[in-house]
Engineer: 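This is the structure I have questions about; it appears just below.
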Amino acid sequence: MYIDSINRTAATPSNIKKGQGLKCCYSRGFDCINDAINGTLRVMNDPEWLYLYELKRFPEYIKLGIATEMTKKIDVDEPTILRDKDPEYGEAISLWIFEKRIDAYLVEEALFFATLPSKEYPSELENWVGRSEIRKSDGETMEKITQLLVDHHQDVGRWQFALDQIPLDNLQTQKVKSLISSS
(Lines give C-alpha, C1' and ligand atoms only; values in the text may rest on other atoms or scores of the structure.)
Protein backbone atom coordinates (compact mmCIF):
# COMPACT_ATOMS: atom_id res chain seq x y z
CA MET A 1 0.00 0.00 0.00
CA TYR A 2 1.31 3.41 -0.99
CA ILE A 3 1.10 6.27 1.54
CA ASP A 4 1.09 9.73 0.02
CA SER A 5 3.80 11.73 1.78
CA ILE A 6 1.87 15.00 1.52
CA ASN A 7 -1.59 13.87 2.58
CA ARG A 8 -0.66 10.88 4.72
CA THR A 9 -3.54 8.94 3.24
CA ALA A 10 -3.38 5.39 2.02
CA ALA A 11 -3.78 4.89 -1.71
CA THR A 12 -6.71 2.54 -1.33
CA PRO A 13 -9.26 2.41 -4.16
CA SER A 14 -11.82 4.38 -2.16
CA ASN A 15 -9.32 7.14 -1.34
CA ILE A 16 -8.08 7.30 -4.93
CA LYS A 17 -11.67 7.57 -6.17
CA LYS A 18 -12.15 10.56 -3.83
CA GLY A 19 -9.00 12.20 -5.25
CA GLN A 20 -6.88 11.32 -2.24
CA GLY A 21 -4.03 8.92 -1.69
CA LEU A 22 -1.82 9.72 -4.68
CA LYS A 23 -0.16 13.11 -5.11
CA CYS A 24 -0.92 13.10 -8.83
CA CYS A 25 -4.63 12.55 -8.18
CA TYR A 26 -5.06 14.72 -5.13
CA SER A 27 -7.76 17.27 -5.75
CA ARG A 28 -8.28 19.53 -2.73
CA GLY A 29 -8.89 19.60 0.98
CA PHE A 30 -10.62 16.84 2.83
CA ASP A 31 -14.10 17.24 1.42
CA CYS A 32 -15.82 15.33 -1.33
CA ILE A 33 -19.17 15.57 -3.04
CA ASN A 34 -20.24 12.21 -1.62
CA ASP A 35 -19.87 13.57 1.92
CA ALA A 36 -22.08 16.54 0.99
CA ILE A 37 -24.72 14.27 -0.55
CA ASN A 38 -24.61 11.80 2.34
CA GLY A 39 -24.84 14.53 4.99
CA THR A 40 -21.40 13.77 6.42
CA LEU A 41 -19.54 16.86 5.23
CA ARG A 42 -17.35 18.33 7.98
CA VAL A 43 -19.13 21.03 10.04
CA MET A 44 -21.72 21.26 7.28
CA ASN A 45 -24.17 23.37 9.26
CA ASP A 46 -21.71 26.05 10.39
CA PRO A 47 -21.38 29.42 8.60
CA GLU A 48 -18.72 29.55 5.90
CA TRP A 49 -17.12 32.11 3.59
CA LEU A 50 -16.56 31.65 -0.13
CA TYR A 51 -13.72 33.89 -1.27
CA LEU A 52 -11.68 35.11 -4.21
CA TYR A 53 -8.21 36.55 -3.57
CA GLU A 54 -5.39 37.80 -5.74
CA LEU A 55 -2.07 36.16 -5.05
CA LYS A 56 0.34 38.69 -3.58
CA ARG A 57 3.37 37.74 -5.71
CA PHE A 58 1.32 36.76 -8.77
CA PRO A 59 -1.58 39.21 -9.20
CA GLU A 60 -2.60 37.63 -12.52
CA TYR A 61 -3.66 34.55 -10.55
CA ILE A 62 -6.76 34.18 -8.38
CA LYS A 63 -7.10 31.93 -5.33
CA LEU A 64 -10.61 30.71 -4.66
CA GLY A 65 -11.83 28.74 -1.70
CA ILE A 66 -13.94 28.47 1.40
CA ALA A 67 -12.95 29.14 4.98
CA THR A 68 -14.60 29.27 8.36
CA GLU A 69 -11.89 31.09 10.29
CA MET A 70 -12.28 34.17 8.15
CA THR A 71 -15.35 35.16 10.18
CA LYS A 72 -13.06 35.95 13.11
CA LYS A 73 -11.13 38.57 11.15
CA ILE A 74 -13.84 40.66 9.57
CA ASP A 75 -13.72 44.42 10.03
CA VAL A 76 -17.26 45.78 10.17
CA ASP A 77 -16.32 49.16 8.67
CA GLU A 78 -14.18 47.69 5.88
CA PRO A 79 -15.71 44.54 4.34
CA THR A 80 -12.32 42.98 3.78
CA ILE A 81 -11.13 39.79 5.34
CA LEU A 82 -7.48 39.55 6.21
CA ARG A 83 -5.54 36.38 5.44
CA ASP A 84 -2.35 37.21 7.32
CA LYS A 85 -1.54 33.59 8.15
CA ASP A 86 -0.42 32.85 4.59
CA PRO A 87 1.95 35.25 2.79
CA GLU A 88 0.71 34.17 -0.67
CA TYR A 89 -2.68 35.86 -0.23
CA GLY A 90 -2.93 39.36 -1.65
CA GLU A 91 -6.01 41.57 -1.85
CA ALA A 92 -9.50 40.18 -1.40
CA ILE A 93 -11.55 40.45 -4.59
CA SER A 94 -14.91 39.25 -3.29
CA LEU A 95 -16.40 37.44 -0.33
CA TRP A 96 -19.73 35.69 0.14
CA ILE A 97 -21.04 34.38 3.46
CA PHE A 98 -23.23 31.28 3.61
CA GLU A 99 -25.29 30.27 6.62
CA LYS A 100 -24.27 26.65 6.11
CA ARG A 101 -20.91 25.30 5.04
CA ILE A 102 -22.54 22.72 2.77
CA ASP A 103 -23.89 25.51 0.56
CA ALA A 104 -20.53 27.29 0.35
CA TYR A 105 -18.93 23.94 -0.47
CA LEU A 106 -21.38 23.22 -3.30
CA VAL A 107 -20.88 26.64 -4.86
CA GLU A 108 -17.10 26.27 -4.50
CA GLU A 109 -17.28 22.85 -6.16
CA ALA A 110 -19.31 24.28 -9.06
CA LEU A 111 -16.82 27.15 -9.35
CA PHE A 112 -13.93 24.69 -9.61
CA PHE A 113 -15.62 22.95 -12.53
CA ALA A 114 -16.76 26.18 -14.20
CA THR A 115 -13.20 27.53 -14.19
CA LEU A 116 -11.24 24.38 -15.09
CA PRO A 117 -9.97 25.89 -18.36
CA SER A 118 -8.09 28.52 -16.34
CA LYS A 119 -6.70 26.09 -13.75
CA GLU A 120 -3.04 27.00 -13.63
CA TYR A 121 -0.53 28.04 -11.00
CA PRO A 122 2.99 29.52 -11.02
CA SER A 123 5.76 26.91 -10.84
CA GLU A 124 7.05 28.62 -7.67
CA LEU A 125 3.88 27.43 -5.93
CA GLU A 126 4.29 23.75 -6.89
CA ASN A 127 4.40 22.70 -3.22
CA TRP A 128 1.94 25.24 -1.85
CA VAL A 129 -1.11 23.59 -0.31
CA GLY A 130 -3.52 25.99 -2.06
CA ARG A 131 -2.22 25.40 -5.59
CA SER A 132 -5.23 23.39 -6.80
CA GLU A 133 -7.49 26.37 -6.02
CA ILE A 134 -5.60 28.81 -8.24
CA ARG A 135 -6.92 30.07 -11.55
CA LYS A 136 -5.13 32.26 -14.07
CA SER A 137 -7.80 34.87 -14.63
CA ASP A 138 -8.68 38.42 -13.88
CA GLY A 139 -10.65 39.21 -10.75
CA GLU A 140 -13.59 40.73 -12.59
CA THR A 141 -14.21 37.61 -14.67
CA MET A 142 -13.90 35.30 -11.66
CA GLU A 143 -16.20 37.54 -9.64
CA LYS A 144 -18.87 37.49 -12.37
CA ILE A 145 -18.74 33.70 -12.72
CA THR A 146 -18.93 33.26 -8.95
CA GLN A 147 -21.81 35.70 -8.57
CA LEU A 148 -23.78 33.87 -11.28
CA LEU A 149 -23.28 30.62 -9.39
CA VAL A 150 -24.21 32.18 -6.04
CA ASP A 151 -27.36 33.68 -7.58
CA HIS A 152 -28.32 30.37 -9.20
CA HIS A 153 -27.81 28.56 -5.89
CA GLN A 154 -30.11 31.05 -4.16
CA ASP A 155 -32.71 30.79 -6.93
CA VAL A 156 -33.02 27.01 -7.19
CA GLY A 157 -31.81 25.72 -3.81
CA ARG A 158 -29.03 23.42 -2.69
CA TRP A 159 -29.75 20.14 -4.44
CA GLN A 160 -31.16 21.46 -7.71
CA PHE A 161 -28.05 23.61 -7.88
CA ALA A 162 -25.89 20.51 -7.45
CA LEU A 163 -27.75 18.78 -10.29
CA ASP A 164 -27.44 21.84 -12.52
CA GLN A 165 -23.83 22.86 -11.83
CA ILE A 166 -21.74 19.94 -10.54
CA PRO A 167 -20.80 16.93 -12.65
CA LEU A 168 -22.24 13.93 -10.80
CA ASP A 169 -22.07 10.23 -11.60
CA ASN A 170 -25.27 8.19 -11.95
CA LEU A 171 -25.41 7.12 -8.29
CA GLN A 172 -24.80 10.67 -7.06
CA THR A 173 -27.46 11.98 -9.43
CA GLN A 174 -30.00 9.48 -8.11
CA LYS A 175 -29.18 10.35 -4.48
CA VAL A 176 -29.52 14.08 -5.18
CA LYS A 177 -32.84 13.57 -6.95
CA SER A 178 -34.00 11.58 -3.93
CA LEU A 179 -32.98 14.46 -1.65
CA ILE A 180 -34.98 16.87 -3.82
CA SER A 181 -38.09 14.70 -3.79
CA SER A 182 -37.92 14.13 -0.02
CA SER A 183 -37.75 17.84 0.83
Side-chain angles (χ1 to χ4, degrees), residues 6-7 19-20 23-33 36 41-42 46-158 160-168:
I6 291 178
N7 307 309
Q20 301 170 351
K23 182 179 179 182
C24 61
C25 299
Y26 182 65
S27 56
R28 300 169 315 281
F30 302 101
D31 299 319
C32 71
I33 192 67
L41 190 69
R42 295 178 299 124
D46 289 358
E48 190 87 2
W49 289 95
L50 172 68
Y51 62 81
L52 298 175
Y53 270 83
E54 285 183 355
L55 293 181
K56 188 177 287 184
R57 296 187 299 145
F58 309 97
E60 68 276 17
Y61 291 90
I62 307 299
K63 167 72 169 72
L64 57 117
I66 59 175
T68 302
E69 77 276 2
M70 297 174 80
T71 59
K72 296 175 186 169
K73 296 226 171 201
I74 195 160
D75 179 344
V76 177
D77 297 325
E78 289 289 324
T80 300
I81 295 175
L82 305 173
R83 295 287 295 193
D84 55 3
K85 292 180 183 177
D86 191 321
E88 296 300 343
Y89 283 86
E91 294 295 316
I93 296 168
S94 284
L95 312 158
W96 296 264
I97 186 70
F98 289 82
E99 288 183 27
K100 294 183 182 259
R101 183 173 190 276
I102 188 170
D103 297 310
Y105 170 76
L106 291 173
V107 174
E108 177 196 39
E109 196 70 7
L111 183 58
F112 282 122
F113 287 108
T115 59
L116 272 177
S118 61
K119 182 178 180 181
E120 182 182 323
Y121 57 85
S123 59
E124 294 90 339
L125 298 179
E126 172 66 34
N127 294 315
W128 187 53
V129 70
R131 72 186 175 279
S132 65
E133 300 172 336
I134 297 174
R135 301 296 189 259
K136 188 169 186 178
S137 181
D138 63 278
E140 185 177 326
T141 299
M142 288 292 291
E143 186 175 30
K144 284 179 182 177
I145 293 168
T146 307
Q147 189 61 57
L148 286 170
L149 291 170
V150 169
D151 291 345
H152 185 66
H153 176 273
Q154 291 174 344
D155 290 343
V156 301
R158 177 182 298 153
Q160 186 60 53
F161 175 84
L163 279 179
D164 294 347
Q165 299 296 330
I166 301 171
L168 303 171

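Just so it is clear, the values below take in all heavy atoms, side chains as well, and ignore hydrogens, waters and symmetry mates.
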Engineer: List the residues meeting side-chain contact (heavy atoms from CB on, under 4.5 Å) with Gln160, not counting sequence neighbours, and say none if there are none.
Structural biologist: Val156, Leu163, Asp164, Ile180

Engineer: Would you name the heavy atoms of Ile33 and Tyr105 that are closest together and state the gap between them?
Structural biologist: N-OH, 3.1 Å

Engineer: Trp96 versus Leu52: any side-chain heavy-atom pair under 4.5 Å?
Structural biologist: yes

Engineer: Are the side chain of Arg135 and the backbone of Phe112 linked by a donor-acceptor contact shorter than 3.5 Å?
Structural biologist: yes

Engineer: Show your reasoning for whether side chain to side chain contact (heavy atoms under 4.5 Å, CB included) applies to Tyr51 and Ile93.
Structural biologist: CA-CA 8 Å; Tyr51 62 81; Ile93 296 168; over 6 Å; no

Engineer: Around atom CD of Glu99, are there more than 12 heavy atoms of other residues, nucleotides or ligands at under 6.0 Å?
Structural biologist: no

Engineer: Using 4.0 Å as the upper bound for N to carboxylate O, is an ion pair formed by Arg101 and Asp46?
Structural biologist: no

Engineer: Working note: Leu125 + Leu55, criterion side chain to side chain contact (heavy atoms under 4.5 Å, CB included); need CA distance, chi angles, decisive distance, verdict.
Structural biologist: CA-CA 11 Å; Leu125 298 179; Leu55 293 181; 3.7 Å; yes

Engineer: Would you give the length of the straight line joining atom CD1 of Ile102 to atom CG of Leu41, rounded to the nearest 0.5 angstrom?
Structural biologist: 6.0 Å

Engineer: Sequence neighbours left out, what passes side chain to side chain donor-acceptor pair (under 3.5 Å) with Glu143? Give chain and number order.
Structural biologist: Ser94

Engineer: For residues Leu106 and Ala36, report the shortest heavy-atom separation together with the two atoms involved.
Structural biologist: CD2-CB, 4.3 Å

Engineer: Using 0.5 Å steps for rounding, measure from the NZ atom of Lys119 to the CG atom of Leu64.
Structural biologist: 10.0 Å

Engineer: Taking only residues two or more places apart in sequence, or in another chain, which ones meet Glu88 in a salt bridge (charged side-chain N to carboxylate O under 4.0 Å, His left out)?
Structural biologist: Arg57

Engineer: Does a side-chain heavy-atom distance below 4.5 Å link Tyr53 with Leu95?
Structural biologist: yes

Engineer: Ignoring hydrogens, what is the shortest heavy-atom contact between Pro122 and Phe58? Give both atom names and the distance.
Structural biologist: CG-CG, 3.5 Å

Engineer: Closer than 3.5 angstrom, by distance alone: can the side chain of Arg131 be matched with the main-chain N or O of Tyr121 as a donor-acceptor pair?
Structural biologist: no

Engineer: What pair of heavy atoms forms the shortest contact from Ile134 to Glu120, and how long is it?
Structural biologist: CG2-O, 3.1 Å

Engineer: With sequence neighbours left out, write down each residue that passes side-chain contact (heavy atoms from CB on, under 4.5 Å) with Asp151, or none if nothing qualifies.
Structural biologist: Gln147, Gln154

Engineer: Under the side-chain contact (heavy atoms from CB on, under 4.5 Å) test, which residues partner Ala110, sequence neighbours left out?
Structural biologist: Leu149, Phe161, Gln165, Ile166

Engineer: Once you round to the nearest 0.5 Å, how far does CD1 of Ile62 lie from OG1 of Thr115?
Structural biologist: 10.5 Å

Engineer: According to side chain to side chain donor-acceptor pair (under 3.5 Å), who are the partners of Ser137, at least two apart in sequence or on a separate chain?
Structural biologist: none

Engineer: Applying salt bridge (charged side-chain N to carboxylate O under 4.0 Å, His left out), name anything that partners Lys100, two or more places apart in sequence or on another chain.
Structural biologist: none

Engineer: I'd like to check the salt bridge (charged side-chain N to carboxylate O under 4.0 Å, His left out) partners of Lys144; sequence neighbours left out, ordered by chain and number.
Structural biologist: Glu140

Engineer: Of all residues at least two apart in sequence or in a different chain, which pass the salt bridge (charged side-chain N to carboxylate O under 4.0 Å, His left out) check with Glu124?
Structural biologist: none

Engineer: Closest heavy-atom contact between Ala114 and Ile145?
Structural biologist: CB-CG2, 4.2 Å

Engineer: Show your working on side chain to side chain contact (heavy atoms under 4.5 Å, CB included) between Trp128 and Lys63 and close with a plain yes or no.
Structural biologist: CA-CA 12 Å; Trp128 187 53; Lys63 167 72 169 72; 3.9 Å; yes

Engineer: Quick one: list whatever passes side chain to side chain donor-acceptor pair (under 3.5 Å) with Ser118, sequence neighbours left out.
Structural biologist: none

Engineer: Specify the closest pair of heavy atoms between Ile97 and Pro47, including all atoms of both residues, with the distance to one decimal.
Structural biologist: CD1-CB, 4.5 Å

Engineer: When you measure from the side chain of Glu48 to the backbone N and O of Ala67, does any donor-acceptor pair fall under 3.5 Å?
Structural biologist: yes

